[in-house]
Undergrad: 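The structure under discussion is supplied below as structure tokens; questions concerning it will follow.
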Amino acid sequence: MTPRPAVFFDRDGVVNLSPGAGYVLSWNDFHFSPGLIAALRLCKTRGYATILVTSQQGVGKGLMTQADLDQIHDQMQRALTTEHAAFDAIYACTCLSTDPDCTCRKPSPEMIHRAAAEHHLDLTRSLLVGDYDRDIQMAIHAGLPTTIRILADDHPATVPATHTLPGTDTLASLLDTLLP
Ligand SMILES: [Mg+2]
């Protein structure tokens, strides 16, 4: 079986509207970003796996449980399934940013490497969409050739990405030009 290319998506600020300085603690706080579902559907129709890679240290901080996070992701997947746009896999680092034993937190490429091994992905043809520097750095560390940054109001863009968009509403049209 030939390895598949993938598009990796950061969650907060990309898949769903940024919760700002806080956390999405329940499904009620989760709102899909404009145009995101169309972008996911496009990836699928072009034969790309879609993989969510997210940092959720609200679990590590005890603000929510792993079960709470899993429930949000179950609801998200259910909503996306009705749109034929569900993620093929979800990877979440729930460690505290201060945890010295954590190996998965961005900009570590660990979540991308795990996804590649578990889903037979071709990273040399894969992309990442993120809004923070550590998303872009993770992609660079994993050797992805293409990165797309969604500009965030609350975060300076210092690590250069291959492409930069002011918002998610034009993501599907950019992917349409990038994905063969
Ligand atoms: Mg983000």
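Atoms within each ligand, like the ligands themselves, are counted from 1 in listed order. Just so it is clear, the model here is predicted, and its values are computed rather than measured.
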Undergrad: If the test is salt bridge (Lys or Arg N to Asp or Glu O under 4.0 Å), which one of Asp10, Asp135, Asp133 qualifies with Arg149?
TA: Asp133
Undergrad: Any non-hydrogen side-chain atom of Asp29 less than 4.5 Å from a side-chain atom of Tyr23?
TA: no
Undergrad: Within rounding of 10°, what is the angle whose vertex is the Mg ion (ligand 1) and whose arms end at OD2 of Asp10 and O of Asp12?
TA: 90°
Undergrad: Begin from the C-alpha positions of Phe30 and Met76 and carry the test side chain to side chain contact (heavy atoms under 4.5 Å, CB included) through to its verdict.
TA: CA-CA 8 Å; Phe30 190 102; Met76 176 191 74; 3.6 Å; yes
Undergrad: Looking at the Mg ion (ligand 1), is there an N, O or S atom belonging to Asp135 that lies under 2.8 Å away from it?
TA: no
Undergrad: On the 0 to 90° scale, with breaks at 30° and 60°, tag the Phe9-Phe87 ring pair as parallel, tilted or perpendicular.
TA: perpendicular
Undergrad: Closest to the Mg ion (ligand 1), which N/O/S atom of Asp131 is it?
TA: OD1
